[in-house]
Q: 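Handing you this structure, nothing more for now.
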2 protein chains.
Amino acid sequence: MQTLQQISGEPVDPAMIVDVGRIARLPDNFPRLWSTVEQLYKLLKIELDETIVNDAYRFQHIKSRTGSRIYSAGDRCDAIFIVYAGFLKTSWVDKYGNEKILEFPMKGDVVGFDGIDLKQFRNTLVALSDIELIVVPVDFFHSNSSHAYGFRRRIMELMSNALVAGQKIEYMMGTLPAEARVAKFLLSISQKFRAMGFSDKSFHLRMTREDIGSYLGLTLETVSRTLSGFSRCGLIRVDQKFIEIVDSDGLKMLRRLPSLKR
Amino acid sequence: MQTLQQISGEPVDPAMIVDVGRIARLPDNFPRLWSTVEQLYKLLKIELDETIVNDAYRFQHIKSRTGSRIYSAGDRCDAIFIVYAGFLKTSWVDKYGNEKILEFPMKGDVVGFDGIDLKQFRNTLVALSDIELIVVPVDFFHSNSSHAYGFRRRIMELMSNALVAGQKIEYMMGTLPAEARVAKFLLSISQKFRAMGFSDKSFHLRMTREDIGSYLGLTLETVSRTLSGFSRCGLIRVDQKFIEIVDSDGLKMLRRLPSLKR
DNA sequence: CGCAGACTTGACAACCCTCAATTATTGTGG
DNA sequence: CCACAATAATTGAGGGTTGTCAAGTCTGCG
């Protein structure tokens, strides 16, 4: 039987595997698990205090299949989401239908900041694997109750951080050549995998070349060519979506070097 | 005598002009004015209630001269700022010294979101004209007192909005040709001037071509050439930093058209 | 008046996009 | 289980947009 662990490659708390396996047979979007405030605080690395540990509030989880759309621009935003397992992409579609990939959220990332302003989502959230999300109602962190204080503060920190991260992407798209962008992309993916306890040397990308290109401001052909170039130089190995980083120092060098000829 | 109004081109509440004029002779960074919570709420368009109107809390103002640096990366972040008058730029400098212009804050804009995460600013804030800022201590909006509730909520909305705005810049830098970027830039500046009650047809840019180029991911030469091209086509008139928009519909068209030949 | 900084304009080359063909992979139905 | 279609990825050729380098003009300021 296929469990969520096998589907997404996520390490799951042993105590939960049985549950995850059992509930995998239930229909999509059926609530399966509920997290405590304490679990939420731990996932987001927020300092705990005693009142939090005993809080009775519970957060609903939702599960969804590869390729499913969690929300689209214009959808009402009552809640934001924390990725519990799996891989996703967020994108923005302009009025002519052009899509721009914005982020690739993974475990522990918070998704939905784009909906807070107008109480409507502005972007689109799509699952790149089978996923599990924790639902945090907007009312929860606007409330004055004590359990929301640390969470709210952390959310503001994460928004601030997301803002700065976006500014780095702007810089990258404005000034760096294609090779430096792809190298930075690989290194940042690698680092996220390490942070989640996976190998940072070999992994497989869940997104297509087109998604990567859109994210980096390049065409899919340029992404493909650049990866092939890296492979030819012995920096990485590539086999379709599987990537092995051979020389991470070499990739780091690339970020500021003028160019790399074959 | 030169008042702040003349320096920055800002409309100032008549009751304040005398004060502004008088204090202009005081040394830089000397606190001159204090805003009430009510004034702050009005500036940020937050809904008022009675407890706010009578709140005794006061926000300090700071004034600074053209070219002065308000904060730099690494500076401790105890407060964020609301632009009361004048024009500024924010930028991010990477470890090799390359600067990327991020925003051009104007009256009513909130500056300093980049410092909330680590309690240290990550960017640099520089005055493009003589300016006046309202200082809002971070502790103010983290507090549980009633006057902070609406403000905090609004700040989260503004951060959400800033995040989405940054994503649109990413899209622009990744896909649009130089002409479309410059056209969008002019239109957005024009709109901000209109929102402040100034002419949206003719204005003068406070930033250099290099700043614009950095903001849009172009070189200063490309910006200059593109502006000259617009001028040749009768879309705008250009005289150094003075811009007159002749055909704003023409500029709007440019945003999705393939190219514009001379 | 002279200087420094900002802006304009030109020539050329490089990088990357567009178009196109081929191969690999995944999913579907007989 | 295999054939077939659809999607994804690779690779090549050619051209266009924009960056680089360079020279010259304009503006403001001491």
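Chain identifiers are assigned alphabetically (A, B, ...) following the order of the sequence lines, protein sequences preceding nucleic acid strands; residue numbering begins at 1 within each chain. Owing to the predicted nature of the structure, the values given are computational and were not obtained by experimental measurement.
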Q: Rounded to the nearest angstrom, tell me the gap between atom CG in A/Asp239 and atom P in C/dT23.
A: 18 Å
Q: Look at all strands and tell whether A/Leu218 reaches a base, only sugar-phosphate, or nothing, counting heavy atoms closer than 4.0 Å.
A: sugar-phosphate
Q: Whole-Å distance between D/dA8 C1' and A/Glu221 CD?
A: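 Going from A/Glu221 (CD) to D/dA8 (C1'), I get 12 Å.
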Q: Let me know the distance between CE of B/Met207 and P of C/dA6, rounded to the nearest Å.
A: 14 Å
Q: For the rings on A/Tyr215 and A/Phe104, is their centre-to-centre separation under 6.0 Å?
A: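 Close enough - the centres of the two rings lie under 6.0 Å apart.
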Q: Tell me: CG of B/Leu220 to C1' of D/dC21, nearest whole Å?
A: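 B/Leu220 atom CG is separated from D/dC21 atom C1' by 12 Å.
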Q: Suppose we call a contact any N or O donor and acceptor under 3.5 Å apart; does that hold for the side chain of A/Arg209 and the base of C/dT25?
A: no
Q: Is there a donor and acceptor pair, one atom on the side chain of A/Glu179 and one on the base of C/dC15, closer than 3.5 Å?
A: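 When only heavy-atom distances are counted, A/Glu179 does not reach the base of C/dC15 through any donor-acceptor pair under 3.5 Å.
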Q: Could you check A/Val223 against A/Gly174 and say which one's nearest nucleotide on DNA chain D is further toward the 5' end?
A: A/Val223
Q: Checking only heavy atoms, does the side chain of A/Arg225 share a donor-acceptor pair with the base of C/dT18 at less than 3.5 Å?
A: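 Pair found.
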Q: A/Leu216 has an atom CG; how far is it from atom P of C/dC17, in whole Å?
A: 11 Å
Q: May I ask you to decide if B/Arg122's main-chain N or O and B/Asp114's side chain share a donor-acceptor pair within less than 3.5 Å?
A: yes
Q: Select from B/Gln240 and A/Glu210 the residue whose nearest nucleotide in DNA chain D is closer to the 5' end of that strand.
A: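 Checking each residue's closest nucleotide, the 5'-ward one belongs to A/Glu210.
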Q: Specify whether B/His61 and B/Tyr84 have parallel, tilted or perpendicular ring planes, treating 30° as the upper limit for parallel and 60° as the lower limit for perpendicular.
A: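 Correct class here is perpendicular.
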Q: Given atom CZ of A/Phe242 and atom P of C/dT25, what is their separation to the nearest angstrom?
A: 12 Å
Q: Do any side-chain nitrogens or oxygens of B/Thr222 fall under 4.0 Å of OP1 or OP2 in D/dG19?
A: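 Checking D/dG19 against B/Thr222, a side-chain N or O does come within under 4.0 Å of OP1 or OP2.
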Q: Tell me the interatomic distance from B/Arg206, atom CZ, to C/dC7, atom P, rounded to whole angstroms.
A: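 Checked: the CZ to P distance equals 14 Å.
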Q: Are any side-chain N or O atoms of B/Arg181 and backbone N or O atoms of B/Gly217, one a donor and one an acceptor, separated by less than 3.5 Å?
A: yes
Q: Check the phosphate of C/dA6 against B/Lys241, side-chain N and O only, distance under 4.0 Å to OP1 or OP2. Yes or no?
A: no
Q: Would you say A/Ser228 places a side-chain N or O within less than 4.0 Å of OP1 or OP2 belonging to D/dT11?
A: yes
Q: Taking OP1 and OP2 of C/dC17, is either one under 4.0 Å from a side-chain nitrogen or oxygen of A/Thr219?
A: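 It does, given that an N or O in the side chain of A/Thr219 lies less than 4.0 Å from OP1 or OP2 of C/dC17.
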Q: Between B/Tyr171 and A/Trp92, what is the ring plane arrangement, given parallel below 30°, perpendicular above 60°, and tilted in between?
A: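 B/Tyr171 and A/Trp92: perpendicular rings.
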Q: Over all strands shown, is A/Gly213 touching base, sugar-phosphate only, or nothing at heavy-atom distances under 4.0 angstrom?
A: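 Counting heavy atoms under 4.0 Å across all strands, no contact is made by A/Gly213.
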Q: Quick one: B/Leu205 CG to C/dT8 P, roughly how many Å, whole number?
A: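 Distance check: B/Leu205 CG to C/dT8 P gives 10 Å.
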